[in-house]
Amino acid sequence: MNSQFGDHITVAVDGHVAVVTLDRPPYNHVSVEFMADLADAIEAIDGEVDLRCSVLQADGKNFCAGADLVRSEGAGGLGAVNPLYDQAVRLFSAKKPIVAAVQGAAVGAGLGLAVMADFRIASPDARFAANFVKLGFHPGFGLTHTLPRLVGQSKAELMFLTARRVKAQDGLAWGLVDEVVPLEALRGAALSLAREIAENAPLAIISTRKTLRGDLAAAVRAQTDKEAAEQGWLRDTADYAEGVRSVSERRVGNFVGR
């Protein structure tokens with residue numbers, strides 16, 4: 001299989017484990033093209049009989065800080081919600097387990113990527129945030145379905161409505177994170193878990209995961225359609241324009257409710 005997918009996704013093979021690296025530092029911001037390349041990589045891994053599990057890791061200080069708000073305005077970024085979510089559904093359709101190694105920010109779409117994985121190993125500096133309301137925007141990436149499934153309705157609502165940053169240790173207590181390890185041990189710990197999974201019978205791994213996940217991909221598809229509809233009208237509000245400006249300028253938004 002290819003080792004390079006687009007400009008920012010690389011894949012290396014370690015025995016029965018594929019190591020997928022996001023390489024668009026310092027923030028690893030997502031775009032439709034970036035997400036399509038990642039989905040291509042995951043689908044290619046699914047097609048390789050010898051590969052049984054993946055590690056999803058990122059170069060730089062951050063796992064993924066979401067979309068580039070400044071560059072995406074008017075350039076098919078945040079406005080192109082349906083194409084972006086089409087690629088998200090492709091990721092949720094993956095057949096083989098994925099272990100995410102998370103350092104720094106996993107925010108917005110980056111939180112969606114982390115939650116898409118089966119397991120999350122985090123460094124102490126990792127922080128998870130659904131910051132959509134700070135932007136005057138509705139959550140996306142299927143998070144209104146996947147996050148409550150992971151941490152429970154109340155804690156998911158807390159994250160959505162406050163846009164609070166959840167630290168790694170709190171995420172561990174909530175069930176958002178499976179293990180917290182020192183930054184220098186992060187990739188090794190994620191690879192160790194992936195190897196432990198990959199020691200087992202590959203068809204049984206796929207079959208068991210399919211049963212556990214059920215109709216998750218279809219549910220994400222339905223939920224992203226709802227999220228996109230809400231995002232559509234909110235994107236035309238003054239609050240959304242102010243939210244993008246305020247987040248880019250690192251200040252509290254001056255929202256007016258229209």
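Residues Leu111 and Val115 meet the side-chain proximity criterion, which asks for heavy atoms closer than 4.5 Å. Between Pro148 and Val151 the shortest side-chain heavy-atom distance does not fall below 4.5 Å. Considering only heavy atoms from C-beta on, Met35 comes within 4.5 Å of Leu113 through its side chain. Using a 4.5 Å heavy-atom cutoff, the side chains of Phe128 and Trp174 are not in contact. Side-chain contact check for Phe132 versus His138: every heavy-atom pair is 4.5 Å or farther apart. At a threshold of 4.5 Å between non-hydrogen side-chain atoms, the residues Asp118 and Arg213 count as touching. Inter-residue side-chain proximity for Met159 and Leu147 is flagged as met; some heavy-atom pair is nearer than 4.5 Å. Residues Leu38 and Gln87 have side chains not in contact (no heavy-atom distance under 4.5 Å, counting atoms from C-beta outward).
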What verdict does the side chain to side chain contact (heavy atoms under 4.5 Å, CB included) test give for Ile98 and Val20, after you've listed the backbone C-alpha separation in whole Å, the side-chain angles of each residue and the deciding distance to 0.1 Å? CA-CA 10 Å; Ile98 300 170; Val20 182; over 6 Å; no
Could you walk me through whether Thr21 and Val11 pass side chain to side chain contact (heavy atoms under 4.5 Å, CB included), step by step? CA-CA 6 Å; Thr21 304; Val11 178; over 6 Å; no
Is there a salt bridge (Lys or Arg N to Asp or Glu O under 4.0 Å) between Asp46 and Arg209 once you walk through the steps? CA-CA 13 Å; Asp46 276 349; Arg209 184 179 186 268; over 6 Å; no
With side chain to side chain contact (heavy atoms under 4.5 Å, CB included) as the criterion, how do Val166 and Lys155 come out once you've worked through the C-alpha distance, each side chain's angles and the decisive distance to 0.1 Å? CA-CA 10 Å; Val166 176; Lys155 287 184 173 61; over 6 Å; no
After noting the C-alpha distance and the side-chain angles of Arg24 and Asp7, does the key distance pass the salt bridge (Lys or Arg N to Asp or Glu O under 4.0 Å) rule? CA-CA 8 Å; Arg24 197 184 183 189; Asp7 295 329; over 6 Å; no
Determine whether Ser246 and Asn254 satisfy the following criterion, side chain to side chain contact (heavy atoms under 4.5 Å, CB included), listing intermediate values before the conclusion. CA-CA 8 Å; Ser246 63; Asn254 181 24; over 6 Å; no
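The backbone N or O of Leu234 sits less than 3.5 Å from a side-chain atom of Thr237, completing a donor-acceptor pair. Judged by distance alone, with hydrogens and angles left aside, the side-chain atoms of Arg120 form no donor-acceptor pair with the main-chain N or O of Val177 at under 3.5 Å. Judged by distance alone, with hydrogens and angles left aside, the side-chain atoms of Thr162 form a donor-acceptor pair with the main-chain N or O of Arg164 at under 3.5 Å. Panel note: side chain Glu227, backbone Thr144; a donor-acceptor pair is recorded below 3.5 Å. A distance-only check finds no donor-acceptor pair linking the side chain of Asp23 to the backbone of Ala58 [under 3.5 Å]. Lys96 contributes a side-chain N or O that, together with a main-chain N or O of Leu51, makes up a donor-acceptor pair within less than 3.5 Å. Listed for the Asp225 side chain is no donor-acceptor partner under 3.5 Å among the backbone atoms of Ala222. Side-chain N or O atoms of His16 include one that pairs as donor or acceptor with a backbone N or O of Asp50 at under 3.5 Å. Remark: the backbone N or O of Val244 is paired with a side-chain donor or acceptor of Ser248 at under 3.5 angstrom. Distance alone, capped at 3.5 Å, is enough to place a donor-acceptor pair between the Asn62 side chain and the Ala105 backbone.
Ion pairing between Glu242 and Lys134 fails under the 4.0 Å rule for side-chain N and carboxylate O. Under the 4.0 Å criterion applied to side-chain N and carboxylate O atoms, Asp37 and Arg90 are not assigned as salt-bridge partners. A salt bridge links Asp14 to Arg195: one of the charged nitrogens lies within less than 4.0 Å of a carboxylate oxygen. The existence of a salt bridge linking Arg258 and Asp239 is excluded, since no basic side-chain nitrogen approaches an acidic carboxylate oxygen closer than 4.0 Å.
Annotation for Ala114 and Phe63: closest pair N-CE2, 3.9 Å, computed over non-hydrogen atoms. Between Pro182 and Pro124, the shortest heavy-atom contact is CA-CD, 4.0 Å. Of all heavy-atom pairs between Leu186 and Ala101, the closest is CG-CB, 3.9 Å. In terms of heavy-atom proximity, Leu84 sits nearest to Ser31 at CD1-O, 3.8 Å. Minimum heavy-atom separation, Ala168 to Val180: O-CG2, 3.8 Å.
Counted by atom type alone, Gln231 and Tyr85 present one or more donor-acceptor pairs between their side chains at under 3.5 Å. Using modelled atom types, one finds no donor on one side chain facing an acceptor on the other under 3.5 Å when comparing Thr10 with Gln4. For the residue pair Ser123 / Asp125, a side-chain donor-acceptor distance below 3.5 Å is found, with atom types taken as modelled.
Distance CG/Asp59 to CD/Gln103: 8.0 Å, rounded to 0.5 Å. How far CZ of Arg149 is from CG of Leu143: 13.0 Å, rounded to the nearest 0.5 Å. Here OG1 of Thr224 is found 10.0 Å from CZ of Phe141. Values are rounded to the nearest 0.5 Å. The OG atom of Ser93 sits 8.5 Å away from the CG atom of Leu216 when rounded to the nearest 0.5 Å. Rounded to the nearest 0.5 Å, atoms CG (Leu203) and NZ (Lys95) are 10.5 Å apart.
Cluster annotation: Leu183 and Leu172 are assigned to distinct hydrophobic clusters (Ile/Leu/Val/Met/Phe/Trp/Tyr, side-chain heavy-atom contacts under 4.5 Å, transitive). Cluster annotation: Ile45 is not connected to Val55 through the hydrophobic network of ILVMFWY side chains, with a link wherever side-chain heavy atoms come within less than 4.5 Å. Following chains of ILVMFWY side-chain contacts shorter than 4.5 Å, one can reach Met116 starting from Val30, so the two form part of one hydrophobic cluster. In terms of hydrophobic clustering, with Ile, Leu, Val, Met, Phe, Trp and Tyr side chains grouped at heavy-atom distances under 4.5 Å, Val247 and Phe255 are assigned to different clusters. Linking Ile, Leu, Val, Met, Phe, Trp and Tyr residues whenever their side-chain heavy atoms come within less than 4.5 Å leaves Ile42 and Ile206 in two separate clusters.
Remark: of the listed residues Leu91, Val19, Leu22, Leu22 is the sole one forming a side-chain contact (heavy atoms from CB on, under 4.5 Å) with Leu56.
Side-chain rings of Tyr240 and Phe137 approach one another, their centers coming within less than 6.0 Å.
Residues forming a ring pair (Phe, Tyr, Trp, His ring centres under 6.0 Å) with Phe160 (at least two apart in sequence, or on another chain): none.
Counted within 6.0 Å of CZ on Arg165, heavy atoms from surrounding residues, nucleotides or ligands total 12 or fewer; the atom is thus considered open. Crowding of Glu33 atom CD: a count of heavy atoms from other residues, nucleotides or ligands under 6.0 Å not exceeding 12.
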